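These numbers come from a predicted model, not from an experiment.
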Amino acid sequence: MANCSPTGLPLVCIFLGLTIQASCNALVDIVPELTYQIRFKPKKPIFFNVVTIAFNALILLNSCLYLPVYFADRSSCAPLAMFAVVTFQGFLLVFDAFILVKTYSTTRENKIFLSLLSLVLFYRLGSTIADFTLTYAEWDDSIQACQFYQNEDTLRHYTIADIMCDVLATVGSVALLISGRVGGMTNLAGQLLIENVVRSGLTLAVNVSVVYIASSPDTSIEDISLAWTVQSYILQQLMNMEHLYKKRRQERYSIPASFEEQLTPPPHPKSSGQQTSTAAKPSE
């Protein structure tokens, strides 16, 4: 965090600025929508909007903390760095929970997937708590700067947990797609699964790349800091693209696009333009 050299700081700040801008745009767009929904449509599910707001608020705080931690003095070094760790782990945990819950809903609430989901999220939560405890920052008199110390064990465990979430979401979506149970890729359920595969697949590629960079013996803290910043920006774009897809689904299918509702149409719809009873829960 605070160890990025001045030569790498401008590039990091570019991605921080892009992340802050995208977070503000998302919050300005979604917070009024959630407020209206709570006030006038209290029975409509709000999980998606709440999760998106939480993610963008946490990543916004984390991005805004980078420079204060970088230029922290002796008294503010440790508390600012700890707050940065909390917000960083917070938005990663929210993102993992989002892609798994979304995939669970599109797998028709498969019990096996739910069991695996619970185990992976518990592992992710445990590694998060461990990172809060073992990762720290302190003032270094020799360089007169706030020195950040990332615990290698917790870094390895929470990164493995992130990758496990991505693999589980990708495999679950692909398995349901190739099973033919959704009735094709052109209906709503097929589109939801394709979105899941794209999002979780790209997230997996990003997380594996960060692991590779961090594990390389020649990697400097500047490179790791830049990799974390780029990772945050990409995850934010993948999270917020759900809001864009939601609007497109509403236009195409003329129904609310919330993954808390049962959106899976009958296996053999008569036509793509015909209204189907997509809100009904499939029989088990």
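- The heavy-atom pair separating A227 from V210 by the smallest distance is O-CG2, 4.2 Å.
- For the pair N62 (side chain) and A84 (backbone), a donor-acceptor distance under 3.5 Å is present.
- When atom types are taken as modelled, the side chain of D131 and the backbone of S127 share no donor-acceptor pair closer than 3.5 angstrom.
- Summarising the geometry of L117 relative to L100, their closest heavy-atom pair is CD1-O, 3.4 Å, with the distance given to 0.1 Å.
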Passes side chain to side chain contact (heavy atoms under 4.5 Å, CB included), V69 versus F148? Steps please. CA-CA 9 Å; V69 174; F148 182 78; 5.8 Å; no
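- Using modelled atom types, no side-chain atom of S76 and backbone atom of A72 make a donor-acceptor pair closer than 3.5 Å.
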How far apart are the C-alpha atoms of T52 and N240, what are their side-chain angles, what is the distance that settles it, and do they pass the side chain to side chain contact (heavy atoms under 4.5 Å, CB included) test? CA-CA 7 Å; T52 307; N240 290 340; 3.8 Å; yes
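- The line from OH of Y233 to CG of L18 is 5.0 Å long, rounded to the nearest 0.5 Å.
- Side chain of Q147 to backbone of E138: no donor-acceptor contact under 3.5 angstrom is found.
- Distance OG/S200 to CG/N207: 11.0 Å, rounded to 0.5 Å.
- Taking each heavy atom of T203 and L238 in turn, the nearest pair found is OG1-CD1, 3.3 Å.
- No side-chain heavy atom of T154 sits less than 4.5 Å from a side-chain heavy atom of F132.
- Hydrophobic clustering of Ile, Leu, Val, Met, Phe, Trp and Tyr side chains at less than 4.5 Å, counting indirect connections, unites I99 with M241.
- In this structure, the side chains of C13 and L67 come closer than 4.5 Å at one or more pairs of heavy atoms.
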Test side chain to side chain contact (heavy atoms under 4.5 Å, CB included) applied to K102 and F48, step by step: CA-CA 9 Å; K102 182 172 172 60; F48 163 69; over 6 Å; no
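- Note that the CZ atom of R199 and the OG1 atom of T103 stand 8.0 Å from one another [nearest 0.5 Å].
- At a threshold of 4.5 Å between non-hydrogen side-chain atoms, the residues L92 and L235 count as touching.
- Taking the six-membered ring where tryptophan is involved, the planes of F113 and Y104 are essentially parallel, since the angle between them stays under 30° and well short of 60°.
- In this structure, S216 contributes its side chain and Y212 its backbone to no donor-acceptor pair below 3.5 Å.
- Distance check: L121 CG to D96 CG gives 7.0 Å after rounding to the nearest 0.5 Å.
- I213 CD1 to W228 CH2: the interatomic distance, rounded to the nearest 0.5 Å, is 11.5 Å.
- Between the side chain of S173 and the backbone N or O of T170, no donor-acceptor pair lies under 3.5 Å.
- One hydrophobic cluster, built from ILVMFWY side chains closer than 4.5 Å, holds both L202 and V230.
- Side-chain contact annotation: R124 with Q89, donor-acceptor N/O pair under 3.5 Å present.
- Side chain to side chain, Y66 and S225 meet the donor-acceptor criterion of an N or O pair below 3.5 Å.
- Under a hydrophobic clustering in which Ile, Leu, Val, Met, Phe, Trp and Tyr are joined whenever their side-chain heavy atoms come within less than 4.5 Å, directly or via other members, L204 and I160 fall into different clusters.
- Taking CZ of F91 as the start and OG of S232 as the end, the distance is 3.5 Å to the nearest 0.5 Å.
- Ring geometry, Y158 versus F88: the interplanar angle exceeds 60°, so the pair is classed perpendicular (tilted spans 30 to 60°).
- Considering every non-hydrogen atom in both L80 and P68, the closest pair reads CD1-O, 3.7 Å.
- At distances below 3.5 Å, at least one donor-acceptor pair connects side-chain atoms of T135 with backbone N or O atoms of N151.
- At least one side-chain heavy atom of L60 sits under 4.5 Å from a side-chain heavy atom of C24.
- When hydrophobic clusters are built by joining Ile, Leu, Val, Met, Phe, Trp and Tyr residues whose side-chain heavy atoms come closer than 4.5 Å, directly or via intermediates, V171 is not grouped with I112.
- Hydrophobic cluster membership is shared by V101 and V51, with clusters built from Ile, Leu, Val, Met, Phe, Trp and Tyr side chains linked at under 4.5 angstrom.
- The closest side-chain heavy-atom distance from F98 to F55 is not below 4.5 Å.
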